[in-house]
Amino acid sequence: MTDLSDEKAREVSVTGKRCTGRVIEEHRERYYIQCGQEVIEAGVSGKIMYSSENRLGFPAVGDMVIVEYLQDGSGVIRELKPRTSVLVRRAAGRHAGEQILAANIDYAFVVMSGDEDFSLNRLDRYLTIIYEGGIRPLIILNKTDLLSEDMRDALLNEIKERHAAIPVIMASALTEKGADEIKKELQAGKIYCFIGSSGVGKSSLINRLTGSEQLAINPLSTASAKGIHTTTYRQLIELQNGSMLIDTPGLREVGLTGSDAGIDETFVDISGIAQNCRFRDCTHTREPGCAVIAAVQEGVLAAEKLENYLRLKGESQYYQMKDYERRQKDRQFGRMIKEYKQRHKVKK
Ligand code: GDP
Ligand code: ZN
């Protein structure tokens, strides 16, 4: 291949042998790539490292990449194939950039647990990054064994009222309830991810799926993953029916990047109602002739849903601001707090 001749001259240990494979694990910028029967450990080329403007230019679990073998048996990732979808969140920290959770996912299972973790607002947040990334969502309500039948029905209703069109699977990793329904969703060649707060039971559900006979893990991947610890980073496993699962562990915080399209799709009912607002740039907060506020007043739209929509829109817009705009906004906010405190003090 002629396009490599330059880099070959610089990197004496390259062998010229290449393969195209999928990133199945990522661990501090070392990647494990399934190339046919073998798994090769690789870093990224200098070109990828220095030409990427942000994290989106780096490989992620699920990506298809071209790897060149080095003489020591490891590899260099030369090229990322175009992605069909990408799951992105804002990395922790107020001014942090984007972080890719996984690439090329077809369906995302949002796992919630029926105990104290249950939060429709957090569900909206997950759905936003899922839709924004071009992925289709399903919802799993786990730990239903801890709930009375009435509680189960009540929570299911709450989810359905908030998101009528998204399939919901009632599950328990403990009793295996819902396992068959989840299995039925898994198609060969498709990639699924499990996303949700830590502790909701993602690993337990995945273990249930991979532990059962029909969905045992493909021996290829298990052999390769031997000796690699699996708790703190993302990993893709292939099931014997040819479907692939990605666990995204340890998400304590899912901040939004610019996600306006994802928000509009998550809150498709609000987007629809907003068509009837008097002003095209209506913010649905105080404008006259706002159809969205009217819908809340008429009881057609839940006030909490609008509130969360506005919160997520605000977060998405804040992310897209230029630095000086953010500083201005932060200063305004600071002034507001100060004024509030002063007024409060005077009153006392
Ligand atoms: P993850 O952080 O989302 O991967 O959650 P884990 O799979 O590690 O589960 C967290 C805890 O919840 C563990 O103690 C599990 O045994 C427990 N757990 C998981 N699923 C269920 C379930 O369906 N019912 C009950 N009662 N406990 C569960
Ligand atoms: Zn409006």
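Both ligands and their constituent atoms are indexed starting at 1 by order of listing.
- In terms of polar-atom proximity, defined here as any N/O pair under 3.5 Å, Thr144 makes no such contact with ligand 1.
- No other N/O/S atom of His284 lies as close to the Zn ion (ligand 2) as ND1 does.
- With hydrogens and angles left out, the side-chain atoms of Asp115 and Ser113 include a donor and acceptor closer than 3.5 Å.
- Side-chain polar atoms of Ser119 and Asn121 form no donor-acceptor pair below 3.5 angstrom.
- A tilted orientation is assigned to the rings of Phe194 and Phe109, their planes being inclined by 30° to 60°.
- Listed by number with element, the atoms of ligand 1 under 4.0 Å from a non-hydrogen atom of Leu146 are 26 (N).
- In summary, the atoms of ligand 1 found under 4.0 Å from a heavy atom of Ala173, numbered by their order in the structure, are 20 (N), 22 (C), 23 (O).
- Heavy atoms of Val200 found under 4.0 angstrom from ligand 1 belong to the backbone as well as the side chain.
- For atom 3 (O) of ligand 1, the nearest non-hydrogen atom from the set Lys202, Lys177, Arg208 belongs to Lys202.
- The nearest non-hydrogen atom to atom 2 (O) of ligand 1, considering only Gly199, Ser197, Gly201, Ser113, comes from Gly199.
- The main-chain N or O of Ala60 is found under 3.5 Å from a side-chain atom of Asp63 such that the two form a donor-acceptor pair.
- At a heavy-atom distance under 4.0 Å, no atom of Thr175 approaches ligand 1.
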